[in-house]
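Notes to accompany the following structure.
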Amino acid sequence: MPSDSVLTDEVWRGLNPQAGMLPVRTRRRLALIAAVLLALVLAAVVIDRSGAVAPRLTAIPGWNGWYVYGDATNPRAETDSLVNRLHAAPTEHVAQEFTVSNDNDLSLTIVGVEEDRPGMTVERVTVGDLYYDTALRMTRVGGETLTPDRPYVLPPGETLKIRVYYHVTDCRAVTASAQPVPVRIRRPIGPHTIEVPLYPLRPHPTGGWRVSTTDDPDAVPWQRFLADHVCR
């Protein structure tokens with residue numbers, strides 16, 4: 001056929017307009033598969049944001065640490081009498097305080113925080129600012145003791161202050177690398193542990209210490225800070 005010739009109407013009518021196209025049944029199957037994949041992707045996004053599979057807790061910038069003195073008090077308690085502490089001295093018992101935020105769309109049932117570490121053993125954990133003293137039938141400052149039998153339910157978007165009390169048993173055994181704090185939760189599909197990184201500390205030029213960033217090479221991890229102040 002010459003290059004400048006055209007197809008006649010009869011030839012056009014004889015051509016199959018669906019030539020090269022997939023069968024209708026195949027196209028329907030592909031459309032169904034695409035719809036299912038899209039639904040799975042959307043469901044995965046929703047589940048991830050809800051925290052149902054991989055719940056998240058974030059430490060809010062800020063940190064406190066202190067000795068527990070020989071008279072069982074600590075220097076941050078406003079009601080402590082300085083007169084009563086004249087003969088008291090810092091001991092190898094210390095504590096730290098930090099705040100976490102529930103970044104999920106679901107409540108988290110917290111049943112435990114922290115675990116024994118090299119050179120440090122956990123004595124107790126309290127949560128919140130107040131607790132009800134059943135013996136005295138009154139609300140007291142200091143937080144509620146956290147145990148598996150007495151968990152704390154943290155609603156979505158809310159924050160929780162956590163205090164952990166330690167006994168430093170071997171200063172040299174305490175690690176100098178950044179260590180997250182494990183938070184154990186209870187959920188319908190089984191127990192789960194969330195590792196919460198805490199902010200390190202570094203000396204302030206004018207004295208004292210300040211909270212630094214996790215990428216600061218000169219910062220001191222929290223557990224090393226506590227141990228150094230006990231053993232110096």
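FYI, the numbering just counts along the sequence from 1. Atom set for the values below is all heavy atoms of this structure, side chains included, hydrogens, waters and symmetry mates excluded.
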Quick one: [atom1] on [X] to [atom2] on [Y], what's the gap to the nearest 0.5 Å?
X	Y	atom1	atom2	value
R184	T109	CZ	OG1	14.5 Å
W63	E97	CH2	CD	10.0 Å
Y199	R210	OH	CZ	13.5 Å
I60	T99	CD1	OG1	5.5 Å
C231	D170	SG	CG	8.0 Å
T126	L146	OG1	CG	8.5 Å

Taking the side chain as everything from C-beta on, heavy atoms only, tell me whether [X] gets closer than 4.5 Å to [Y].
X	Y	result
T193	V183	no
W66	V94	no
Q96	I162	no
P191	R186	no
M120	H167	no
S107	P156	yes
V196	P180	no
P55	I194	yes

Side chain to side chain donor-acceptor pair (under 3.5 Å) evaluation trace for D103 with T58: CA-CA 7 Å; D103 301 329; T58 302; 2.2 Å; yes
Heavy-atom pair of closest approach, residues [X] and [Y]:
X	Y	value
A176	P221	O-CG, 3.2 Å
A173	P118	O-CB, 3.3 Å
G143	R163	N-NH1, 4.2 Å
A59	L198	CB-CD2, 3.9 Å

Derivation and outcome, side chain to side chain donor-acceptor pair (under 3.5 Å), residues D149 and T147: CA-CA 5 Å; D149 296 330; T147 66; 5.2 Å; no
From CA spacing to verdict: side chain to side chain contact (heavy atoms under 4.5 Å, CB included), V153, L108: CA-CA 6 Å; V153 179; L108 296 180; over 6 Å; no
Could you tell me whether the side chain of [X] and the main chain of [Y] form a donor-acceptor pair under 3.5 Å?
X	Y	result
R187	G190	yes
Q223	T175	yes
N102	L154	yes
N104	L106	no
R56	S101	no
R224	V174	yes

Side chain to side chain contact (heavy atoms under 4.5 Å, CB included) assessment of F225 paired with R202: CA-CA 9 Å; F225 174 86; R202 67 173 303 157; over 6 Å; no
Verify same cluster id: Y165, V111 (apolar side-chain graph, 4.5 Å):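 No, Y165 does not connect to V111 through the hydrophobic network.
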CA sep, side-chain torsions, deciding dist, call: W222, F98, ring pair (Phe, Tyr, Trp, His ring centres under 6.0 Å): CA-CA 11 Å; W222 62 268; F98 57 94; 8.0 Å; no
Distance-only polar pair, side chains of E123 and T121, donor-acceptor under 3.5 Å: no
Trace of the side chain to side chain donor-acceptor pair (under 3.5 Å) decision for E92 with Y166: CA-CA 8 Å; E92 66 274 11; Y166 302 90; over 6 Å; no
